[in-house]
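Please read the structure below before turning to the comments.
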Protein chains: 2
Amino acid sequence: MTSVNGLSRLAAPPHVANLLGVALERLREQILAGAERPFPGLRVSHYRLLDMIPPEGARITDLAAHAGMTKQGLGQHVDYLQERGYAESARLEGDRRVRLVRRTEKGDEATAFARAAIARVEQEWAERLGAERYADFRQALVELGVGQPTR
Amino acid sequence: MTSVNGLSRLAAPPHVANLLGVALERLREQILAGAERPFPGLRVSHYRLLDMIPPEGARITDLAAHAGMTKQGLGQHVDYLQERGYAESARLEGDRRVRLVRRTEKGDEATAFARAAIARVEQEWAERLGAERYADFRQALVELGVGQPTR
DNA sequence: TATTGTTATACTCTATAACTATA
DNA sequence: TATAGTTATAGAGTATAACAATA
């Protein structure tokens with residue numbers, strides 16, 4: 001990254017977009033957990049989906065709306081998770097068009113793992129900034145996320 | 001998103017990953033500028049690349065390292081931008097393997113636009129949180145991004 | 001007819017592998 | 001032989017369009 005062939009180094013006064021991107025990347029790395037990979041088939045998008053399924057289960061349409069994606073795309077992820085035993089689903093009695101999606105026990109474990117990974121990063125950040133500054137940072141994020149047009 | 005078919009709403013106690021994601025999404029939206037689209041062919045990834053090209057130009061290899069992506073992937077974006085007149089490139093005298101990439105004037109305009117879009121969002125955030133809290137927030141992000149394993 | 005979910009297809013972003021030209 | 005960049009290909013993530021089953 002140093003000067004090569006007489007060309008100076010790249011301009012990089014990081015703006016918020018970059019900063020947020022780096023922080024998010026750090027979380028992704030922790031969730032994938034490097035070489036460990038406790039849940040080999042799972043990618044970050046799958047952890048995200050598993051995480052948003054409530055204990056009673058949810059409909060594909062609602063999950064899609066909540067994730068801000070299409071039913072088609074979300075349904076594909078559900079199939080993927082179901083094939084690998086992280087989720088299960090059944091047609092709803094009373095309205096057989098609806099597929100009620102639930103996490104399996106294995107899906108619960110994966111979700112717990114991902115949440116723990118995120119908690120580890122938050123822990124590290126809190127140590128780096130100090131508990132109070134980190135709490136402020138987090139609170140600021142919450143306030144910035146409220147009432148924003150998600151799409 | 002409300003209760004349907006007797007199913008309760010989705011669990012969504014947003015964790016940092018979600019919060020960061022929402023914030024980043026807000027920036028992306030502003031850069032794409034909804035229906036306006038001042039630079040129709042440009043996607044967020046292109047603005048990012050344009051933004052990291054210094055005035056003297058840069059080599060593909062260096063840009064790739066800086067962006068944390070492969071030369072192949074980056075080179076593809078460069079071609080895309082060049083075809084549309086946002087970037088230009090020439091083999092370097094003294095080492096003709098090297099392609100020196102520069103922004104065109106149109107590329108400069110696009111970059112200025114993207115930076116202004118980001119500035120608008122920062123402005124809005126600063127108003128929402130207050131200037132001081134926003135400055136703290138931003139500073140926290142800077143510190144969290146320092147010394148992290150980018151890849 | 002409206003709604004839920006599916007199948008088919010395509011685009012975006014990025015990666016790996018194999019290659020060419022130049023040094 | 002090493003380095004800069006390219007061509008070919010693939011996979012991950014998501015979208016649009018057209019459809020089937022059920023209500």
Side-chain angles (χ1 to χ4, degrees), chain A residues 1-2 4-7 21 24-25 28-29 31-32 37 40-50 52 57-84 87-101 150-151, chain B residues 1-2 4-7 21 24-25 28-29 31-32 40-50 57-84 87-101 150-151:
Chain A
M1 199 85 77
T2 348
V4 186
N5 283 327
L7 305 178
L24 208 45
E25 182 54 28
R28 296 179 57 90
E29 283 164 14
I31 290 170
L32 295 181
R37 289 263 180 171
L42 294 188
R43 303 187 297 258
V44 172
S45 56
H46 302 130
Y47 286 110
R48 238 198 306 157
L49 168 51
L50 282 173
M52 68 174 63
R59 308 163 4 134
I60 291 197
T61 298
D62 290 346
L63 288 169
H66 188 256
M69 48 186 289
T70 59
K71 295 187 289 181
Q72 297 94 313
L74 196 123
Q76 210 167 286
H77 279 322
V78 168
D79 290 343
Y80 183 95
L81 291 171
Q82 187 159 337
E83 284 162 19
R84 284 156 186 82
E88 61 192 7
S89 64
R91 295 288 165 174
L92 198 69
E93 320 206 9
D95 188 345
R96 302 223 338 237
R97 290 173 305 179
V98 174
R99 200 170 137 201
L100 188 64
V101 183
T150 307
R151 188 145 294 258
Chain B
M1 199 86 78
T2 348
V4 186
N5 283 327
L7 304 178
L24 208 44
E25 183 53 29
R28 297 178 56 90
E29 283 164 13
I31 290 170
L32 295 180
L42 295 187
R43 304 186 297 258
V44 172
S45 57
H46 302 131
Y47 286 110
R48 238 198 304 158
L49 168 51
L50 283 173
R59 309 163 2 133
I60 292 197
T61 299
D62 290 346
L63 288 169
H66 188 256
M69 50 186 288
T70 59
K71 295 186 290 183
Q72 297 94 312
L74 196 122
Q76 208 168 288
H77 279 322
V78 168
D79 291 343
Y80 183 95
L81 291 171
Q82 187 158 339
E83 283 163 19
R84 284 157 185 80
E88 61 193 7
S89 64
R91 295 287 164 175
L92 199 68
E93 319 206 12
D95 188 344
R96 303 223 335 239
R97 290 172 305 179
V98 174
R99 201 171 137 199
L100 189 64
V101 184
T150 308
R151 189 146 292 257

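Chain letters run A, B, ... following the sequence lines, proteins first, then strands; residues in each count from 1.
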Which part of the nucleic acid, if any, lies within contact of B:T70, taking any heavy atom under 4.0 Å across all strands shown: a base, the sugar-phosphate backbone alone, or nothing? base
Taking atom CZ as the centre, does B:R91 end up with more than 12 heavy-atom neighbours from other residues, nucleotides or ligands that are less than 6.0 angstrom away? yes
side-chain N/O [X] vs [N] OP1/OP2, d < 4.0 Å:
X: A:R59; N: C:dT4; value: yes
X: B:T61; N: D:dG5; value: yes
X: A:R97; N: C:dA2; value: no
X: A:R96; N: D:dT22; value: yes
X: B:R48; N: C:dT14; value: yes

Once you measure the plane-to-plane angle for B:H77 and B:H46, does it fall in the parallel (<30°), tilted (30-60°) or perpendicular (>60°) bin? perpendicular
Cationic tip of B:R84 within the cone over B:Y80's six-membered ring, i.e. under 6.0 Å and within 45° of the normal? yes
Quick one: on DNA chain D, does B:K71 or B:Q76 contact a more 5' nucleotide (nearest heavy atom)? B:K71
For A:H77 and A:G94, find the nucleotide of DNA chain D closest to each by heavy atoms; which residue's nucleotide sits nearer the 5' end? A:H77
Nearest whole Å is fine: how far is [N] [atom2] from [X] [atom1]?
X: A:Q72; N: D:dA17; atom1: CD; atom2: P; result: 10 Å
X: B:H46; N: C:dC13; atom1: NE2; atom2: C1'; result: 9 Å
X: B:Y80; N: C:dT12; atom1: OH; atom2: C1'; result: 10 Å
X: A:L49; N: D:dG13; atom1: CG; atom2: P; result: 12 Å
X: B:L92; N: C:dA23; atom1: CG; atom2: C1'; result: 13 Å
X: A:R91; N: C:dT3; atom1: CZ; atom2: P; result: 18 Å
X: A:R99; N: D:dA21; atom1: CZ; atom2: P; result: 16 Å
X: B:L74; N: D:dG5; atom1: CG; atom2: C1'; result: 11 Å

As a test of reading the structure: which of D:dA12, D:dT14, D:dG5 is closest to the side chain of A:R43, going by heavy atoms? D:dA12
With the threshold set at 4.0 Å, does a side-chain nitrogen-carboxylate oxygen contact exist between B:D62 and B:K71? no
For the atom pair OG (A:S45) and CE (A:M69), what is the distance rounded to the nearest 0.5 Å? 8.0 Å
